[in-house]
Asks: 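Just dropping this structure here.
Note that ligands are numbered from 1 as they come in the structure, with each ligand's atoms numbered from 1 the same way.
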Amino acid sequence: MRGIRKIGITGDTHGEDLRLTHEGYGIKGNLGEEDALIICGDFGYIFFDNERENAFLDKLEKECKFLVMFCDGNHENHPRISQYPEEVWNGGKIHRIRKNVIHLMRGQIYDIQGHSIFVMGGAYSIDKAMRQEGYSWWPQEMPSQEEYDEATKNLKEHDFKVDYIITHTAPDDTMSLFYPNHKDEQELNSYLEWVRENTTYKHWYFGHLHQTKDLWRNQTVLMYGVRDLATNEIIFPD
Ligand SMILES: [Fe+2]
């Protein structure tokens, strides 16, 4: 694998071309060949699985200099993502979408340039009623028991000590600050709260709430801006 110098991290991209192509930090921007960008779920560029999306992913492969990594959110075509070839990359399982576009799978821990990174995608769609199953919504949006078990097993193997945690949704206490009633997602939020209580980490980044804010417990919710994973410094503002 090529070396990765700087890792930027951002929130939900929802398949919006501009998020990865505009001058600020996209293809032409200030992340270069040795850099990487992590998207905290709701990647959205694999959704309708049509020609337009495939052409955009091809464009990323051809023109995007940096490595694009994403954890999945709720607004994803999960069955399609899981059809891409699986491989082990830097200690954890990924789906290889393109040469420089990879899906960080649920419950995996990666060792990237000396940083250990625990990833747990998934979330509940509050707009589910307005969506159509198999076309714009998929039941795999919430983790399965196997995925929770895989996450716990990997955390145990790392003695519940990682450098960074990347999720789509938030641990329960944090979620409750925003939405005191979030019962449909509770199972995942509670699991993440258990992870928080038992795991030593330097910083936790998540998306899902469509805003950018530094919170408590070294947790940051991200939307448009790009932060430096290691320092939480702003690479590109919201
Ligand atoms: Fe979203």
Asks: Describe, in one word, how the ring planes of Trp138 and Phe47 are oriented to each other, choosing from parallel (under 30°), tilted (30 to 60°) and perpendicular (over 60°).
Replies: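 Trp138 and Phe47: perpendicular rings.
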Asks: Using only N, O or S atoms, tell me which atom of Asp42 is closest to the Fe ion (ligand 1).
Replies: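 This turns out to be OD2.
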Asks: Using 2.8 Å as a strict upper limit, say whether an N, O or S atom of His75 approaches the Fe ion (ligand 1) that closely.
Replies: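 It does not; every qualifying atom lies at 2.8 Å or beyond.
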Asks: Looking at Tyr110, Tyr84, Phe70, which hits ring-ring contact (aromatic ring centres under 6.0 Å, His included) with His103?
Replies: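 Testing His103 for a ring-ring contact (aromatic ring centres under 6.0 Å, His included) against Tyr110, Tyr84, Phe70 leaves exactly one candidate, Phe70.
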Asks: So His210 and His14, would you call those rings parallel, tilted or perpendicular, with 30° and 60° as cut-offs?
Replies: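 His210 vs His14 ring planes: perpendicular.
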Asks: Are His115 and His203 an aromatic pair, judged by ring center distance below 6.0 Å?
Replies: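 When the ring centroids of His203 and His115 are compared, they turn out to be at least 6.0 Å apart.
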Asks: Nearest to the Fe ion (ligand 1), which N, O or S atom of Asp12 do we find?
Replies: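 The nearest such atom is OD2.
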Asks: Using a distance threshold of 2.8 Å, state whether an N, O or S atom of His210 lies below it from the Fe ion (ligand 1).
Replies: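 True for His210.
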